[in-house]
Amino acid sequence: MRKILKQNFFNRDTKIVAKDLLGKFIIRKIGGKEISAMITETEAYDGPQDLASHASKGRTKRTDIMFGHPGYFYVYLCYGMHYMLNVVVGKKDYPAAILIRGLDKAVGPGRVTKFIRIDKKFNGKIAIPKSNLCFEDRGVKIPKNKIKKTPRIGVDYSGPVWSKKNFRFVIKD
DNA sequence: ACGATGATGAAC
DNA sequence: TTCATCATCGTA
């Protein structure tokens, strides 16, 4: 019996969900085949005040998805060549999302989307079992002392407060 | 160390 | 309509 993560998994505190996603598997169905990999690195983008988050610009056509219901994907193009895969968390009207930065088979957010073949068509889609992109709990538990917290990558522009927050979560080793 | 490459948001 | 900027990566 497979345990695909339900929408309520994402309707919790951003940092808790970011930590809990470590050790979970991302499932990508292409045709009859399935690609899966364990999540090893995440980053939290939490709330309208977070200057590193696109949502700090307010509600725009781009950020609208982050203000919506949890469990939806936010995918956008960065540096003109890499798609970033995020999943929206928290209750409706509270803008927050988690960036999937690394898998056991692909390290770096641009490589992640290349590896599981994500593009902007996934923006606004929901992570449910029948979707061709969702998350699964395979019973892997990551003990607390195996989780490393660090500042987020590539967000120096967000100022001394937000760029220094330990919102990045990595499995050690 | 740096260039590729395009969507976004803000200013004009 | 134009402009600076960017949640990165591969090559050097």
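Residue numbers begin at 1 in each chain, while the letters A, B, ... track the order of the sequences.
Residues A:Tyr74 and A:His54 have side chains that bring a donor and an acceptor to within less than 3.5 angstrom of each other. Judged by distance alone, the side chains of A:Ser53 and A:Ser56 never bring a donor and an acceptor atom under 3.5 Å apart.
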Structure string for DNA chain C in dot-bracket form, Watson-Crick and G-U at under 3.5 Å, | interchain:
||||||.||||.
Starting from the C-alpha separation in whole Å, work towards a yes-or-no answer on side chain to side chain contact (heavy atoms under 4.5 Å, CB included) for A:Lys15 and A:Asp46.
CA-CA 8 Å; A:Lys15 296 179 287 297; A:Asp46 189 25; 3.4 Å; yes
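Surrounding CD of A:Gln49 are at most 12 heavy atoms belonging to other residues, nucleotides or ligands under 6.0 Å away. Annotation for A:Arg117: atom CZ does not count as buried by contact number, only 12 or fewer foreign heavy atoms lying within 6.0 Å. Annotation: A:Lys149, atom NZ; neighbour count of heavy atoms from other residues, nucleotides and ligands within 6.0 Å does not exceed 12. Around the NZ atom of A:Lys141, the shell of radius 6.0 Å holds no more than 12 heavy atoms that belong to other residues, nucleotides or ligands.
With salt bridges taken as basic N to acidic carboxylate O contacts below 4.0 Å, none links A:Glu136 and A:Lys3.
Using bins of under 30°, 30° to 60° and over 60° for the plane-to-plane angle, the ring pair A:Phe10/A:Phe135 lands in the tilted bin.
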Sugar-phosphate or base contact per nucleotide [nucleotides 5-12 of chain C; S, B, -; heavy atom under 4.0 Å]
-SBBSS--
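A:Ser158 comes within 4.0 angstrom of nothing in the nucleic acid, heavy atoms only.
In summary, contact between chain A and DNA chain B, defined as any nucleotide atom under 4.0 Å from a heavy atom of the protein, begins and ends at B:dA4 to B:dA10 in the 5' to 3' direction.
A donor-acceptor pair under 3.5 Å links the side-chain atoms of A:Asp13 to the main chain of A:Ile16, judged by distance alone.
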